[in-house]
Amino acid sequence: MDNRTKPSASQKVTRPELYWLLGAIIAGSIFRLAFPERMAVEHFDEGVYASNFWFGAENDYSYPARFLYAPPLLPAAIEWTMILASLVGLRPSGVVPLIPSLVTGIAMVPSAWWICRRWFGPTAGLVTAWLIALSDFHASYSRAALTDVPVCLFILWAVYFTGKAFASVDSAGGSSPWSGKGRTQPARWSPPWREIMLAGGLTGLSWWTKYNGWLPLAIGLTGGVIWQIALPQSERQVRRTLICWLLIALTAMIAWSPVLWGLQKQGGYAKVATNHRQYIVGTNGWIRSAQSQADIVRMYDNPLSALFSHERLITGHLRDPAQKSHSRSLLEMLSLLLHPVGTLALSVAVCSIGVLKSRFQDSKLPASFALAWLVGMSFSTPFYHPYPRLILPWLCSVWIGPGMVFEFCSRKARQDEESNSVPGIPAAMCVAALLAIATFRQLSGSGFAWADRTDLQSTSSEIAKAVRAVNDREGFPADEAIIYVMGEPALVFGLKSEGILAVGPVQDLGFANQTPQRPTFVAVPSRTSSVPADVRSVLESARFSLQTSVSHQQSHLVLLDDLHPDPGPDPGPGLPLTEWKLYRLNK
């Protein structure tokens, strides 16, 4: 076998390669862990996931209707993190609920290196690892208590072990990028149970984390079809490949079945599906959704993103929801072409070459998976409302493409087994440029990862202070108050973290018909979309009295989560503020 087709997995890890990897891990860790005092629970879903700790048996130890938003794995991980933090004397708030996402976000860097190295080669592994390490998008969501970063890690490993299982069906024998150095395919084939169990189990973990966690099954099935079509007729093993996939799917279903069983007491998975259907935009909204998602990624991850105003994009969408796009400068149009559209086109092209060209025989299977992942997510993601966090699984596949480019180009220059164990000069220059740009963005404040997300936590402190002042004035114990919060689980979490435990979400004011036995309050936001008109009319009646108003600035992560909220009046220049009003139920 010549060097051109030698399986990349057989190349040993050299010391220079480890130095490059260590640099990526350190850079990724700094981007995700710096300024922990700026991290806090702020997003709507963060409040839901992080609140298990604060609810008892009467609420099934979780935020009410938590099952509609996510399966139980991440909320349970956050809960146990908060419990352990409390046992060692740490306050279970601030950065503590974000630890599971931070850990999985950092783990994504060496995981991508290992997997892409096994798939394509050392250069591909290192380039992909550095792209993820320096991604403002990935770092920003690693610093949030959301499901998207953990599920991407599980998806990546599930796809990898699915590929290892498929590699066992190669009837031609020989080594493969998954089989390991010196291993050959047996003459008599039997299902690779270890790989099947790992692929199915990791898909199950992905499914336990997010309801679209079945994505590895779709990627595996589509990638397997592409791979079998790309193989010569004499090498195709369609039946064996299908058997492997069915066994992986069965294992994943068994792993996920406890979640499905637990949903029965909540009305079954149909209730979850009904809730999700309201966010599907269909074919009519596909172009607009794709454009919004491209705009969002352009803001986070491209070389020119520090040179134009991010606020212009956000406020443009806030002020005119019917407008398809705000006017763009030539610089903004160029940045849109650089990323993600340009990177996507490059990734699809190089994956297609890897599938079709016979001289990349050792990379046909992983290239088939990468192509299925790229094209499938590019087509399906815009069918959903353009929540930025939904882009992450798609972005993970886009990051693979540049690594493949540098790897395939470097194969022509390979002289010995270790000559491709570190990035060549072009790849090293690209990594250095990305590091310089990413560092400049964060230090200059034009990046997002280090943005302050603690304003809602400060709002919680202000509201708690106002409530305690009423209690002190009327002779009630400091924390003996009931607070109902409308439309914001993160505020529920914040108030409970302040020591006021009788806090819960509310959708109507039915409790107002009863005579309060202790001070009772309701907190409502200024957004008219969160509070019905009839509720506002009751709050403004003599039954309630306004106690205080507190304004806070939402971070970009929250504002971009819904490009078309109802901000009320024109917010004027800059980003809009959210005002919280605290009403008291009169005796």
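Computed from a predicted structure; not experimentally measured.
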Strictly distance-based, threshold 3.5 Å: is any side-chain N or O of R143 a donor or acceptor partner for the main-chain N or O of R32? yes

Which residue is it: Y300, F448, W394, W399? I am looking for the one with a ring pair (Phe, Tyr, Trp, His ring centres under 6.0 Å) to F137. Y300

Applying side-chain contact (heavy atoms from CB on, under 4.5 Å), run through F544 and R584 and close with a yes or a no. CA-CA 5 Å; F544 287 88; R584 183 185 177 182; 6.0 Å; no

Q266, CD atom: more than 12 neighbouring heavy atoms under 6.0 Å: yes

Close side-chain approach of Y61 to F55, heavy-atom, < 4.5 Å: no

Nearest 0.5 Å please: distance from the OG1 atom of T209 over to the CG atom of L73. 4.0 Å

Let me see the working for V281 and W286 under side-chain contact (heavy atoms from CB on, under 4.5 Å), right down to the final yes or no. CA-CA 7 Å; V281 300; W286 192 94; 5.6 Å; no

How many angstroms lie between atom NZ of K271 and atom CG of N275, to the nearest 0.5 angstrom? 9.5 Å

Intermediate values then yes/no, side chain to side chain donor-acceptor pair (under 3.5 Å), D452 and Q553: CA-CA 10 Å; D452 193 325; Q553 176 64 71; over 6 Å; no

If you count heavy atoms of other groups shown closer than 6.0 angstrom to CD1 of I287, is the number above 12? no

Spacing of I296 atom CD1 and R389 atom CZ [to the nearest 0.5 Å]: 11.0 Å

What's the separation between atom CG in L215 and atom OG1 in T203, rounded to the nearest 0.5 Å? 9.5 Å

Give me the ring orientation class for W207 and W256: parallel if the planes are under 30° apart, tilted from 30 to 60°, perpendicular past 60°. parallel

Do T283 and F383 touch side chain to side chain, with heavy atoms closer than 4.5 Å? yes

Which atom names give the shortest non-hydrogen contact between I132 and M108, and what distance separates them? CG2-CG, 3.9 Å

Ignoring hydrogens and angles, tell me if any N or O in the side chain of D136 forms a donor-acceptor pair with the backbone of A449 under 3.5 Å. yes

Is it true that a side-chain atom of S101 and a backbone atom of L98 form a donor plus acceptor pair closer than 3.5 Å? no

Got Y484 and Y583 here, is their nearest side-chain heavy-atom distance under 4.5 Å? no

Could you check whether any side-chain heavy atom of V485 comes within less than 4.5 Å of a side-chain heavy atom of L495, counting everything from C-beta outward? yes

Taking all non-hydrogen atoms of both residues, which atom of S206 and which atom of P216 are closest, and how far apart? OG-CD, 4.4 Å

Do V259 and P72 touch side chain to side chain, with heavy atoms closer than 4.5 Å? yes

Rounded to the nearest 0.5 angstrom, the CG-OG1 distance for L156 and T128 is 9.5 Å

Tell me, do Q547 and F521 make a side-chain contact under 4.5 Å, heavy atoms counted? yes

Could you go step by step and tell me if W157 and S111 meet the side chain to side chain donor-acceptor pair (under 3.5 Å) rule? CA-CA 8 Å; W157 279 105; S111 296; 2.9 Å; yes

Should the heavy atoms of other residues, nucleotides or ligands under 6.0 Å from CZ of F511 be counted, would the total exceed 12? yes

Can you measure from CD (Q293) to CG (L390) and round to the nearest 0.5 angstrom? 7.0 Å

If you look only at pairs with a residue in residues 486-505, which of them pass as a side-chain hydrogen bond (donor to acceptor under 3.5 Å, both in side chains), with sequence neighbours excluded? R91-E498, S461-E498

Specify the closest pair of heavy atoms between T548 and A466, including all atoms of both residues, with the distance to one decimal. CG2-CB, 3.9 Å

So, the side chain of S135 versus the backbone of L131: is there a donor-acceptor pair under 3.5 Å, distance only? no

Is there a side-chain contact between W208 and P258, using heavy atoms and a 4.5 Å cut-off? yes

For A144, give me all partners under side-chain contact (heavy atoms from CB on, under 4.5 Å), at least two apart in sequence or on another chain. E46, L146, R453, L557

Check the side chains of E42 and S555 for a donor-acceptor pair under 3.5 angstrom, ignoring hydrogens and angles. yes

Salt bridge between R66 and D60, side-chain N to carboxylate O under 4.0 Å? no

Residues I483, V522; criterion side-chain contact (heavy atoms from CB on, under 4.5 Å); working and verdict: CA-CA 5 Å; I483 306 179; V522 58; over 6 Å; no

Compare all side-chain heavy atoms of Y269 with those of Y211 and state whether any distance is below 4.5 angstrom. yes

Would you name the heavy atoms of V506 and D508 that are closest together and state the gap between them? CG2-O, 2.8 Å

Is it the case that the side chains of S549 and K581 hold a donor-acceptor pair, with the cut-off being a distance below 3.5 Å and no angle test? no

Between S289 (side chain) and G285 (backbone), is there a donor-acceptor pair under 3.5 Å? no

Walk me through it: do W580 and L456 pass the test side-chain contact (heavy atoms from CB on, under 4.5 Å)? CA-CA 10 Å; W580 281 92; L456 185 60; 4.2 Å; yes

Geometric class of the Y69/F44 ring pair [parallel <30°, tilted 30-60°, perpendicular >60°]: tilted

Where do A50 and M82 come nearest, in terms of heavy atoms and distance? O-SD, 3.5 Å

Are Y387 and Y279 close enough that their ring centers fall under 6.0 Å? yes

Could you report the tightest heavy-atom contact between L491 and A523, atom names first, then the distance? CD2-CB, 4.1 Å

